[in-house]
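For ligands, and for the atoms within them, numbers begin at 1 and follow the listed sequence.
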Amino acid sequence: MTAPEIRTIGVVGLGAMGSGIAQLAIEAGYATVGREVSDDLGERARERIAHFLQRKVDKGTLGVDERAAALDRLSLTTSLADFGRCDLVIEAIVEDLGAKLALFSELETIVRPDAILATNTSALSVTEIAAAVSTSERVVGMHFFNPAPLMPLVEIVQAELSSRAAVDAAYTVGERLGKRPIRCHDTPGFVVNRILIPLVNDCLRVLDEARVSPEDLDTAMTAGAGWPMGPCTLVDLVGIDVHVHASEALYEKLREPRMAPPPRIVAMKNAGLLGRKSGRGFYTYDS
Ligand code: CAA
């Protein structure tokens with residue numbers, strides 16, 4: 001396949017990751033269509049993006065006019081039909097294989113035949129997601145890291161049937177978004193999560209083994225290992241539910257005991273302690 005020149009990007013799902021990706025796209029000059037299931041959720045994402053762009057204006061790293069122009073490039077919709085004009089659609093919905101398969105098979109009937117479809121999945125198989133469409137060569141992984149506007153990496157994931165053109169086009173978009181893209185194949189956890197998930201799970205097991213507090217564990221890993229944030233702060237940021245789900249998905253594929261989520265954080269998830277987004281995880285948050 002020949003990849004189109006990417007001018008318009010669609011983002012499906014404007015939660016923490018999707019809104020961060022949409023923010024990157026409008027800042028990089030792309031016309032961007034963001035889709036949420038309700039107008040309210042869409043507006044909430046726009047406000048979040050507007051807030052972070054305002055912080056950049058306050059700090060002098062973005063002009064007032066540039067902020068306004070970036071926000072003008074964002075259009076919100078609740079309808080997938082609006083992705084008909086997109087050259088690239090990036091999916092950032094819930095990490096549920098069934099939901100992703102249904103979305104991709106619907107997207108295939110809407111987007112142009114040469115448009116690229118990307119998934120931001122962190123722990124599911126891109127190849128399995130691509131199987132939902134008859135034109136699997138146009139499906140790739142574009143895995144961003146949380147918080148997407150701040151973390152420089154994007155993993156460009158080549159699934160079993162991804163075409164070279166689609167992978168190259170996604171890589172070029174990653175560069176234009178200001179990221180440091182890397183190429184990898186579709187193996188469980190790709191590169192970073194294959195390493196980070198068991199490592200963070202080890203950290204969480206040490207909480208009980210060494211009877212150390214979350215604060216002290218975080219201090220240990222920031223002050224002793226040079227991590228930018230401690231593991232408890234990190235899983236609160238990523239979302240306890242997201243971390244448990246990613247651990248379970250990797251454990252299912254690899255059967256390595258270190259991948260399995262420690263019981264303590266499964267219990268937290270079941271109790272609704274989801275981290276920052278629910279106001280409480282290892283720590284308590286204002287909003
Ligand atoms: N979106 C957009 N902008 C944001 C943001 C967000 N979510 N969060 C913060 N910002 C902006 C804010 O405007 C903030 O400034 P103000 O607080 O003054 O408004 C500005 O960025 C700078 O924020 P910080 O001062 O908090 O930045 P920092 O220098 O402390 O770095 C960090 C923050 C980059 C997150 C750093 O702590 C870090 O690298 N942490 C590790 C994060 C990490 O490992 N992420 C990977 C998670 S794993 C994953 O994502 C994989 C997966 O599949 C689940």
Side-chain angles (χ1 to χ4, degrees), residues 11 13-28 34 44-62 67 70-71 74 90-95 118-126 141-157 177-180 182 184 186-201 203-204 218 221-223 225-250 259 261 265 269 274-277 281 283 285-287:
V11 182
L14 298 175
M17 294 307 293
S19 66
I21 295 167
Q23 178 184 325
L24 288 165
I26 59 173
E27 283 191 84
R44 214 181 289 174
R46 193 204 297 275
E47 280 165 22
R48 180 183 164 91
I49 293 169
H51 163 80
F52 284 125
L53 294 183
Q54 184 57 45
R55 292 297 298 150
K56 289 180 103 168
V57 172
D58 297 343
K59 291 176 189 170
T61 55
L62 185 72
R67 173 180 182 269
L71 288 171
L74 177 64
I90 305 174
E91 168 275 312
I93 65 167
V94 60
E95 284 282 84
T119 172
N120 178 54
T121 186
S122 54
L124 300 175
S125 157
V126 181
M142 287 184 81
H143 181 220
F144 293 83
F145 291 78
N146 195 343
L150 302 188
M151 297 299 287
L153 183 68
V154 57
E155 293 172 330
I156 306 298
V157 185
L177 295 178
K179 296 293 161 198
R180 284 164 56 186
I182 62 159
C184 60
D186 181 30
T187 51
F190 317 132
V191 175
V192 171
N193 278 349
R194 169 71 180 80
I195 297 162
L196 192 60
I197 297 268
L199 193 53
V200 168
N201 284 337
C203 290
L204 300 178
D218 279 357
M221 296 310 289
T222 51
W227 286 24
M229 57 172 54
C232 298
T233 307
L234 181 61
V235 287
D236 270 4
L237 171 75
V238 167
I240 304 280
D241 52 337
V242 172
H243 181 80
V244 167
H245 180 276
S247 300
E248 282 168 346
L250 290 191
M259 297 289 177
I265 95 153
K269 185 202 93 172
L274 305 183
R276 266 175 207 253
K277 65 182 162 193
Y283 301 102
Y285 303 89
D286 285 341
S287 56

Peer 1: Please say whether more than 12 non-hydrogen atoms of neighbouring residues, nucleotides or ligands are located less than 6.0 Å from CZ in R67.
Peer 2: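 Correct, the count exceeds 12.
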Peer 1: What residue and atom, counting heavy atoms only, is the protein's closest point to atom 52 (C) of ligand 1, and at what distance?
Peer 2: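 For this ligand atom, the closest protein heavy atom is N193 ND2, 3.5 Å.
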Peer 1: Under a 3.5 Å distance rule, please check whether D218 uses its side chain to pair with a backbone N or O of T233 as donor and acceptor.
Peer 2: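 Pair found, side chain donor or acceptor close to backbone of T233.
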Peer 1: With rounding to the nearest 0.5 Å, note down the distance linking CG in D241 to CD1 in I265.
Peer 2: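 Reported to 0.5 Å precision, the distance equals 9.5 Å.
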Peer 1: State the CG-CD1 distance between L177 and I26, to the nearest 0.5 angstrom.
Peer 2: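 Interatomic distance, L177 CG to I26 CD1, rounded to 0.5 Å: 11.5 Å.
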Peer 1: Side chain of T222, backbone of G230: donor and acceptor closer than 3.5 Å?
Peer 2: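 Side chain of T222 to backbone of G230, a donor-acceptor pair under 3.5 Å: no, none is there.
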Peer 1: Which protein heavy atom lies closest to atom 44 (O) of ligand 1, and at what distance to 0.1 Å?
Peer 2: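 Heavy-atom neighbour on the protein nearest atom 44 (O) of ligand 1: L234 CD1, 3.5 Å.
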Peer 1: Please work out, at 4.0 Å between heavy atoms, whether the side chain, the backbone, both, or neither of L150 comes within that distance of ligand 1.
Peer 2: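 Contact part for L150 vs ligand 1: side chain (C-beta onward).
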Peer 1: Any idea which of Q23, E155, R55, R48 brings a heavy atom closest to atom 18 (O) of ligand 1?
Peer 2: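 Of the listed residues, R55 has the closest heavy atom.
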Peer 1: Would you confirm whether any non-hydrogen atom of the protein falls under 4.0 Å from atom 1 (N) of ligand 1?
Peer 2: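 It does: a protein heavy atom is found less than 4.0 Å away from atom 1 (N) of ligand 1.
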Peer 1: First locate atom CG of L74, then atom CD1 of I49, and finally report the distance between them rounded to the nearest 0.5 Å.
Peer 2: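 Nearest 0.5 Å value for the CG-CD1 distance: 5.0 Å.
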Peer 1: Between L196 and ligand 1, find which residue part has any heavy-atom pair under 4.0 Å and reply side chain, backbone, both or neither.
Peer 2: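 Contact part for L196 vs ligand 1: side chain (C-beta onward).
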Peer 1: Between OG of S19 and CD of E47, what distance do you get to the nearest 0.5 Å?
Peer 2: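 Interatomic distance, S19 OG to E47 CD, rounded to 0.5 Å: 11.5 Å.
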Peer 1: Among all the protein's heavy atoms, is there at least one whose distance to atom 25 (O) of ligand 1 comes out below 4.0 Å?
Peer 2: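 When distances to the protein are checked, atom 25 (O) of ligand 1 has no heavy atom within 4.0 Å.
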Peer 1: Are any side-chain N or O atoms of Q23 and backbone N or O atoms of F52, one a donor and one an acceptor, separated by less than 3.5 Å?
Peer 2: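 Between the backbone of F52 and the side chain of Q23 there is no qualifying donor-acceptor contact (under 3.5 Å).
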Peer 1: Do me a favour and list the nearest non-hydrogen protein atom to atom 54 (C) of ligand 1 with residue, atom name and distance?
Peer 2: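 In this structure, atom 54 (C) of ligand 1 has V238 CG1, 3.7 Å as its nearest protein heavy atom.
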Peer 1: Would atom 31 (O) of ligand 1 count as contacted, meaning some protein heavy atom under 4.0 Å?
Peer 2: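 False for atom 31 (O) of ligand 1.
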Peer 1: To check your reading of the model: name the closest protein heavy atom to atom 46 (C) of ligand 1, its residue, and the distance in Å.
Peer 2: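 Of every protein heavy atom, N146 O, 3.5 Å lies nearest to atom 46 (C) of ligand 1.
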Peer 1: Is K59 touching ligand 1 with its side chain, its backbone, both, or neither, if touching means heavy atoms under 4.0 Å apart?
Peer 2: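 K59 to ligand 1: side-chain contact only, backbone stays beyond 4.0 Å.
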Peer 1: Who's the nearest protein heavy-atom neighbour of atom 49 (C) of ligand 1, and how far?
Peer 2: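 Looking at atom 49 (C) of ligand 1, the protein heavy atom closest to it is F145 CD2, 3.6 Å.
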Peer 1: Give the single entry among M151, H143, M229, E95 that approaches atom 39 (O) of ligand 1 most closely by any heavy atom.
Peer 2: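 It is M151 whose heavy atom sits nearest to atom 39 (O) of ligand 1.
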Peer 1: Does the protein put any heavy atom within less than 4.0 Å of atom 16 (P) of ligand 1?
Peer 2: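 Within 4.0 Å: yes, protein heavy atom nearby.
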Peer 1: Where on F52 is there a heavy atom closer than 4.0 Å to ligand 1, on the side chain, on the backbone, on both, or on neither?
Peer 2: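 Side chain only.
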Peer 1: Run the numbers for me: atoms of ligand 1, each under 4.0 Å from some heavy atom of S122, listed by number.
Peer 2: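 Counting atoms of ligand 1 from 1, those under 4.0 Å from S122 are 52 (C), 53 (O).
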Peer 1: Do H143 and V126 pass the side chain to side chain contact (heavy atoms under 4.5 Å, CB included) test, and can you show the C-alpha distance, the side-chain angles, and the key distance before you say yes or no?
Peer 2: CA-CA 10 Å; H143 181 220; V126 181; over 6 Å; no
Peer 1: For Y283, is there any backbone N or O sitting under 3.5 Å from a side-chain donor or acceptor partner on D236?
Peer 2: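 A pair under 3.5 Å: yes.
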Peer 1: Any donor-acceptor pair under 3.5 Å linking the side chain of K179 with the backbone of E155?
Peer 2: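 A pair under 3.5 Å: no.
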Peer 1: Please state which protein non-hydrogen atom is closest to atom 38 (C) of ligand 1 and give its distance, to 0.1 Å?
Peer 2: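 Closest protein heavy atom to atom 38 (C) of ligand 1: P228 CB, 3.7 Å.
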Peer 1: Could you find the nearest protein heavy atom to atom 35 (C) of ligand 1 and give me its residue, atom name and distance?
Peer 2: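 That would be P147 CD, 3.6 Å.
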